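Have a look at this one before I ask anything.
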Amino acid sequence: MREAYHKELESISEALVEMANLVGSAMGRATGALLDTDLRLAESVIDTEGQVEELQRNLEEQAIAVLARQQPVATDLRVVVTSLRMSADLERCGVLAQHVAKLARRRHPQHAVPRDLRRTILEMGQLAQRLMAQAAEVLITQDVDAALQLERDDDRMDELHRMIFQHLMDERWHHGVETAVDVTLVGRYYERFADHAVSVARRVVYLVTGEHADDYLPESPVIH
């Protein structure tokens, strides 16, 4: 019985990793669709909606079953409850990737992103995908230091987001209101995606240490 119980907990963790990999890949492809006006690629991202929802639904059912049958306490209860919260973060990331893809589809065959912002948007897309890959790795390794590093890496996304607004407010902006709205939305999608990746990492800190990331203080090395 105990072995089956631990397999159930492992299955929940594996589902989280699968979700993280899926939404990370979706955002990478959505970025490609947006910048290359690739309608087929955009549709492939939009089609992942059902996959992400199914993974989250299955994970929730597993977690509820564990709560009902095993009535976990202490660390095991923390695993189940925290996993449910992380799955919500990851599901939202899937939605954000689809938003990027749907914008690419809506503007096809035109470019939604003007040439002078393509490099910034490309970096945001690549960074979003990389942060999610790091979050997936942290889910596997349970490495608290790597989880905390994720939040520091996210600083670059915030910087890029500010750069977009500076560009939009520049008096030399000549791409019109519709493009300004598109770029504003896209920047927000990437920024929120990164925030959810960081949230997953912060929850890993809580999962491992029992302390929230803001309160966690690594043990100081002993000086002999």
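No hydrogens, no waters, no symmetry mates; every other heavy atom, side chains included, goes into these values. Values in this document were obtained by computation on a predicted structure and should not be read as measured data.
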From CA spacing to verdict: side-chain contact (heavy atoms from CB on, under 4.5 Å), Gln51, Glu18: CA-CA 10 Å; Gln51 292 176 261; Glu18 186 176 357; over 6 Å; no

Residue of the set Arg172, His167, His174 for which side chain to side chain donor-acceptor pair (under 3.5 Å) holds with Asp116: His167

Could you check if a side-chain atom of Leu9 sits within less than 4.5 angstrom of a side-chain atom of Val80, using non-hydrogen atoms only? yes

Kindly work out whether a path of hydrophobic side-chain contacts (I/L/V/M/F/W/Y, heavy atoms less than 4.5 Å apart) joins Tyr206 to Val200.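 Different hydrophobic clusters.
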
Which heavy atom of Ser44 sits nearest to which heavy atom of Arg29, and what is that distance? OG-NH1, 2.8 Å

Which atoms form the tightest heavy-atom contact between Ser25 and Gln129, and what is the distance?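 So the minimum-distance heavy-atom pair works out to CA-NE2, 4.2 Å.
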
Go through the steps to decide whether Asp76 and Gln70 satisfy the test side-chain hydrogen bond (donor to acceptor under 3.5 Å, both in side chains), and finish with yes or no. CA-CA 10 Å; Asp76 290 345; Gln70 307 293 346; over 6 Å; no

State yes or no: do Tyr189 and Val95 share one hydrophobic cluster built from I, L, V, M, F, W and Y residues joined by side-chain heavy-atom distances below 4.5 Å, directly or via other members? no

Contact summary for Glu211 and Asp215, nearest pair of heavy atoms: OE1-O, 3.4 Å

Quick check: is Met163 connected to Leu131 through a chain of hydrophobic side chains (ILVMFWY, heavy atoms under 4.5 Å apart)? yes

Donor-acceptor pair, Ser199 side chain versus Asp195 backbone, under 3.5 Å?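 It does not hold such a pair.
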
Audit row: Gln110, Thr37, side-chain contact (heavy atoms from CB on, under 4.5 Å) steps and yes/no: CA-CA 7 Å; Gln110 303 301 317; Thr37 64; over 6 Å; no

Would the number of heavy atoms belonging to other residues, nucleotides or ligands and lying under 6.0 Å from CZ of Arg118 be above 12? yes

Interatomic distance, Leu59 atom CG to Ser87 atom OG [nearest 0.5 angstrom]: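 Reported value, rounded in 0.5 Å steps: 5.0 Å.
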
Inter-residue atom distance Met132.CE - His196.NE2, 0.5 Å rounding: 9.0 Å

Apply side-chain contact (heavy atoms from CB on, under 4.5 Å) to Leu150 and Val138, showing your working. CA-CA 9 Å; Leu150 204 72; Val138 164; 5.8 Å; no

How close do Ala197 and Ala135 get, counting heavy atoms only, and between which atoms?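 Distance-wise, the nearest heavy atoms are O-CB, 3.9 Å.
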
Does a side chain donor of either Gln62 or Ser11 reach within less than 3.5 Å of an acceptor in the other side chain?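 Gln62 vs Ser11: donor-acceptor pair found between side chains.
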
Output the distance between atom OH (Tyr190) and atom CD1 (Ile164), rounded to the nearest 0.5 Å.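 Reported to 0.5 Å precision, the distance equals 9.0 Å.
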
Note: Ala213 and Leu148 closest approach over all heavy atoms is CB-CD2, 4.3 Å

Co-membership, hydrophobic cluster, residues Phe193 and Val45, 4.5 Å side-chain: no

From Met27 CE over to Thr48 OG1, what is the distance, rounded to the nearest 0.5 angstrom? 10.5 Å

Identify whether the distance between the nearest side-chain nitrogen and carboxylate oxygen of Glu159 and Arg156 falls below 4.0 Å. yes

How far does CG of Leu90 sit from CD of Gln56, to the nearest 0.5 angstrom?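 If we round to the nearest 0.5 Å, Leu90:CG and Gln56:CD are 8.5 Å apart.
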
Is Ile64 reachable from Val81 through a run of I, L, V, M, F, W or Y residues, each pair having side-chain heavy atoms under 4.5 Å apart? no

Is any NZ, NE, NH1 or NH2 atom of the basic residue among Glu191 and Arg188 found under 4.0 Å from an Asp or Glu carboxylate oxygen of the other? yes

Might you work through the side-chain contact (heavy atoms from CB on, under 4.5 Å) test for Met124 and Met157, ending with a clear yes or no? CA-CA 6 Å; Met124 291 183 85; Met157 183 67 82; 3.6 Å; yes

Is there a donor-acceptor pair under 3.5 Å between the side chain of Gln98 and the backbone N or O of Gly94?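 Yes.
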
Is the shortest distance from a Lys or Arg side-chain nitrogen in Asp153 or Arg130 to a carboxylate oxygen in the other one below 4.0 Å?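 Salt bridge flag = no for Arg130 with Asp153.
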
Just wondering, more than 12 heavy atoms not from Arg106 lying within 6.0 Å of its CZ?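 Correct, the count exceeds 12.
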
Can you see which heavy atom on Val204 is nearest to which on Gln142, and at what distance?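 Looking at all heavy atoms of both residues, the shortest contact is CG1-CA, 4.1 Å.
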
If I take atom CD1 from residue Ile121 and atom CD from residue Gln126, how far apart are they, to the nearest 0.5 angstrom? 11.5 Å

